[in-house]
Amino acid sequence: MATPLSILQKDIEEADISLSISQLRACLGDFKEEMYQPKEVISRRRVDGDFPISSQYMLYLTSGITAAEITGNEGQRVIPRFHEPGDISAPLPRLIPKVSQCAGIIGDDSNIIAITPVKGLLIPLENWHHEYLHGGAFGEFVRYKMFQGYQFNAAISHVKSLNRTAESYNFLRTYQPNILKNVPQKIIARFIGITPEGLSRFLKNTAAA
């Protein structure tokens, strides 16, 4: 049966990087294999100025779906992006669903939440940073994953800046189809930046077109 550690090693191999399981364990340090249930808060983060302060660990997701969540000043919950297996649930830029909501976002309340049952590796932040800056084979994988994340965040930011429901929904359909299959519509609506009723009307109109 595949474990989070074996899944990570497979992901490393698929990136054409050679690293034995013993070498990987040494790079990860005091890592943990963890499971989370839907609605469980995996981590909370605060922001000092524009710099996100993380917890002690980075989460490498090996199964399930998580979401980044930001709370606005009126208590509304906004989802900047979803994470899937192979993603790093890490501090994120302040992505927002609508330009008009800029003033309603508080930067010091940011969570990572399990949407479905989740498994992953908690990797000590100091090990992750060391590998990113100085690591060999695993460091190459870390830098590759971080670059992927930056590219994906930039794409999401562009789509959200358009302020159009169709573009945000089509982004999920094209790049994260499993989200549409496994995530409740009320949560997808938070990502798009509309009400669940607004999303339902959009889907009905799309189906009728």
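Since the model is a prediction, treat every value here as computed from it, not as a measurement. All values below come from the heavy atoms of this structure, side chains included, with hydrogens, waters and symmetry mates left out.
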Nearest non-hydrogen partners of [X] and [Y], listed with the distance:
| X | Y | value |
| --- | --- | --- |
| Ser63 | Pro85 | CA-CG, 3.7 Å |
| Gly198 | Ile194 | C-CD1, 3.7 Å |
| Ile115 | Thr66 | CG1-C, 4.0 Å |

[X] side-chain N/O to [Y] backbone N/O, donor-acceptor pair under 3.5 Å:
| X | Y | answer |
| --- | --- | --- |
| Ser157 | Ala154 | no |
| Gln23 | Ser20 | yes |
| Arg25 | Phe31 | no |
| Glu40 | Gln37 | yes |
| Asn127 | Cys27 | yes |
| Lys145 | Glu140 | no |

What I'd like to find out is whether the side chain of [X] reaches to under 4.5 Å of the side chain of [Y], using heavy atoms alone.
| X | Y | value |
| --- | --- | --- |
| Asn153 | Arg81 | yes |
| Ile156 | Phe191 | yes |
| Val159 | Ser168 | yes |
| Tyr36 | Ile113 | no |
| Tyr144 | Gln148 | yes |
| Arg190 | Glu69 | yes |
| Leu5 | Glu33 | yes |
| Ile12 | Phe138 | yes |

Quick check for you: to the nearest 0.5 Å, what is the distance between [X] atom [atom1] and [Y] atom [atom2]?
| X | Y | atom1 | atom2 | result |
| --- | --- | --- | --- | --- |
| Thr206 | Asn170 | OG1 | CG | 8.0 Å |
| Lys181 | Thr116 | NZ | OG1 | 14.0 Å |
| Ile79 | Ile179 | CD1 | CD1 | 9.5 Å |
| Phe82 | Leu61 | CZ | CG | 13.0 Å |
| Lys186 | Glu197 | NZ | CD | 11.5 Å |
| Arg77 | Ile70 | CZ | CD1 | 13.5 Å |

**Request:** Could you walk me through whether Lys10 and Glu13 pass salt bridge (charged side-chain N to carboxylate O under 4.0 Å, His left out), step by step?
**Result:** CA-CA 5 Å; Lys10 183 179 178 182; Glu13 291 174 352; over 6 Å; no
**CA sep, side-chain torsions, deciding dist, call: Leu59, Leu121, side chain to side chain contact (heavy atoms under 4.5 Å, CB included)** = CA-CA 6 Å; Leu59 172 65; Leu121 285 168; 5.8 Å; no
**Message:** Could you check, using the six-membered ring where one of them is a Trp, whether Phe171 and Phe152 have ring centers closer than 6.0 angstrom?
**Reply:**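 They qualify: ring centres under 6.0 Å apart.
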**Message:** Would you say that more than 12 heavy atoms from the other residues, nucleotides or ligands in this model lie under 6.0 Å from the CD of Glu126, or not?
**Reply:**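 Result for CD/Glu126: open.
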**Message:** Students often mix this up, so state it plainly: with edges at 30° and 60°, are the rings of Phe141 and Tyr60 parallel, tilted or perpendicular?
**Reply:**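 Tilted: the ring planes of Phe141 and Tyr60 meet at 30° to 60°.
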Are [X] and [Y] joined in one hydrophobic group, where the rule is that I, L, V, M, F, W and Y side chains link up if heavy atoms are under 4.5 Å apart?
| X | Y | answer |
| --- | --- | --- |
| Ile65 | Ile7 | no |
| Leu125 | Leu133 | yes |
| Leu180 | Leu199 | yes |
| Ile21 | Leu19 | yes |

